[in-house]
There are 2 protein chains.
Amino acid sequence: MSEPRKQQPTLELVAERAGVSRATVSRVVNGSEKVKPEAMRAVEQAIRELNYVPNRAARSLAQGRTNAIALVVPENTAKFFADPYFAKVVQGAAQYLADTEFMLSLLLSTESDPGKTTRYLRGGNVDGALVLSHHAADRSYADLGGQLPLVFGGRTMSTDQSEIFVVDIDNISAAKQATEVIIERGRRRIATIAGPQDMGASLDRLTGFTQALAEAGLEPAAVLEGDFTPDSGHDLMRQLVDSGTDFDGVFVASAQMAFGALQAMADAGLGVPQDVSVTTVDDDAFARNATPPLTTIAQHPERQGAIMAEILIKRINGESVPEWSIMDTELILRASH
Amino acid sequence: MSEPRKQQPTLELVAERAGVSRATVSRVVNGSEKVKPEAMRAVEQAIRELNYVPNRAARSLAQGRTNAIALVVPENTAKFFADPYFAKVVQGAAQYLADTEFMLSLLLSTESDPGKTTRYLRGGNVDGALVLSHHAADRSYADLGGQLPLVFGGRTMSTDQSEIFVVDIDNISAAKQATEVIIERGRRRIATIAGPQDMGASLDRLTGFTQALAEAGLEPAAVLEGDFTPDSGHDLMRQLVDSGTDFDGVFVASAQMAFGALQAMADAGLGVPQDVSVTTVDDDAFARNATPPLTTIAQHPERQGAIMAEILIKRINGESVPEWSIMDTELILRASH
DNA sequence: ATGAAAGCGCTAACAG
DNA sequence: CTGTTAGCGCTTTCAT
């Protein structure tokens, strides 16, 4: 049944045409110094004439290296596209890799069959992988770390493994800082809409929130758990309002959720920041276009992507790199606090 | 310098452990019928114990097939993420492929080095590719069609090639239909904000617009050319207004641009649909959340992605498929016309 | 500086 | 049903 694939010219063909051995062609292709200019020209011409491109599978088999890395997003397609954070990280990684010999291949891990992705990764298709948005329940990638160089974006929840490389912001201090802004505003009944508690970033942000409160001698007015989507922010805020809880400040763990929460508050006739002071994390389109614009902690996902890629490449090349890279964040004061 | 990669167990190792030949292991791995249950169990156990995963490069080299296909987006990362159309197509393709043995690998073609992507594609990394959003200037992919099964999303501009497989809507009739809605409203001074004229879809939509007008005995009030982004829609609409052109209807070639245009009209104090009737193409978040919600032609990008994938797989398997697949569209009447 | 030869890990006839 | 034997296209010692 299989259609005869148009045969690509092989290295051997190039060798014949150039009148040299396959070894020499290989040397030229790989930019080895030790080739006579004369032979080199002949080979290059043959390559051009035949429109030759080396077969990657063969090369990869021979040298045990693929020159490709994967960016794995263990999240469904809809969420992936809805969250500007992913876009930025991908962009940063892609940009960094553009100047290297490496290809970036984006793997949206299908919820239906996560094993498919791991098998692909372990099947020698890539030299390493960047893993994003790692839910705790999902141990598949953490375990993979022993077999393939991995770099995580955001801390993973597994603690029993060493040799886990991660690039992240300090989520605890970020949340703490954001919460302090509210406290400094004089607010005392402060709630939070936290992120999914199976992710490291969410846990840390909740910790930071609690710490800030504790240091000011306060108790949380309420703690709700969302899933980082605007809808969950909206729904939880409405719940909070409907519950009759008395609050005058809220730290929301992501700009997307804060965006939704703001709408719910507007619907409920709550003024921001007069009635409620709100701060959040992420300086994306949601933060900037919210009404009012959100006071927030900017991380720099684009830079994060680039750094992740850089570290992975270094690991692949056997250079030693620190296990943790903590990125700076920035407090952006806008109108919502 | 290269770090010793942790050696994955090979098929040979499995064979030894199971006490059979490599061929038998291969048979089991590939699900051949003709293996004694007994041997099969032994092999399966060995595989489990060794945590064996076949090396793809080797397999692919041996059987001349990779079981991976690429989805190529010749567009920069920012545009890719900003346009819900891409998200939907990817989603559709990913979903379809989830039930097959094929991996989907997303290639954001870097503007800096398009040759890198083509080389990757030709290097035998994938069995075929889906190509999206094809600008005319870019012949690289059309030419690739001779060497690798390709399926395009949206018609390509190259006319000299046969064997070009494309999945698309009928852009001419879609635009015509959208324009007719405006005409039926009794409007006579109708302008258009078209898409980039180096893309087939844009050209066709302009053609459909012009045809509808011609059949009603009308001339375009104005023809502006945007780039499918909301910003371009905004800017062009402001230009149109500032130019003093007299118009009471406008067909905008994409919902993103229409979204921007609507804002500009609101700024200019133009009422929609009282003063100006507007229709567009795409039923995405922009169309639905615009003020007022947009009357539009819905294409079904998710289905398009799935169909593209389906056709590509069939081609890879040597089945014969039609070169053109035209998808249905749907007129959605909302408040803007 | 170059060629010969031995694989990389797997699959695919071909015997048996 | 199973093992033997060739490769797939490329890289890489090792000689020369």
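Order of the sequence lines fixes the chain letters, A, B, ..., with proteins taken first and strands second; residue numbering starts at 1 for each chain. Side-chain atoms are counted along with the backbone in the values below, which use heavy atoms only and exclude waters and symmetry mates.
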### Task
Side chain of Leu61(B) only, please: which of dT2(D), dG9(D), dG3(C) is the nearest?
dG9(D)
### Task
For Tyr85(A), check side chain to side chain donor-acceptor pair (under 3.5 Å) against everything at least two apart and list the hits.
Gln304(A)
### Task
Apply ring pair (Phe, Tyr, Trp, His ring centres under 6.0 Å) to Phe86(A) and list each qualifying residue two or more places apart in sequence or on a separate chain.
Phe80(A)
### Message
Check this one for me: any side-chain N or O of Ser60(B) less than 4.0 Å away from OP1 or OP2 of dC10(C)?
### Response
no
### Task
Not counting sequence neighbours, which residues clear side-chain contact (heavy atoms from CB on, under 4.5 Å) with Glu101(B)? List them please.
Arg65(B), Asn67(B)
#### Entry: side-chain contact (heavy atoms from CB on, under 4.5 Å) partners of Ala58(B), counting only residues at least two apart
Leu61(A), Asn55(B)
Give every pair of a protein N or O atom and an N or O atom of nucleotides 13-16 of chain D that lie under 3.5 Å apart, one pair per line with the distance.
none

### Message
Tell me every residue that passes side-chain contact (heavy atoms from CB on, under 4.5 Å) with Ala201(B), counting only those two or more places apart in sequence or in another chain.
### Response
Asn171(B), Arg205(B)
### By side-chain contact (heavy atoms from CB on, under 4.5 Å) - contacts of Ala15(A) (at least two apart)
Arg22(A), Val25(A)
### Qualifying salt bridge (Lys or Arg N to Asp or Glu O under 4.0 Å) pairs with a residue from residues 304-313 of chain B, counting only residues at least two apart or across chains
Glu310(B)-Lys314(B)
### Task
Check side chain to side chain donor-acceptor pair (under 3.5 Å) between Arg56(A) and all other residues, then give those that pass, not counting sequence neighbours.
none
Identify all side-chain donor-acceptor contacts of residues 43-50 of chain B below 3.5 Å with residues at least two apart in sequence or on another chain.
from     : atom 1 : to       : atom 2 : distance (Å)
Gln45(B) : NE2    : Glu49(B) : OE2    : 2.8
Glu49(B) : OE1    : Arg17(B) : NE     : 2.5
Glu49(B) : OE1    : Arg17(B) : NH2    : 2.9

### Query
Which ones in residues 43-56 of chain A lie close to DNA chain D, meaning a heavy atom under 4.0 Å from one of its atoms?
Tyr52(A), Pro54(A), Asn55(A)
#### Entry: Angle of first-five versus last-five pair axes in the helix from dA1(C)-dT16(D) to dG16(C)-dC1(D), to 10 degrees
30°
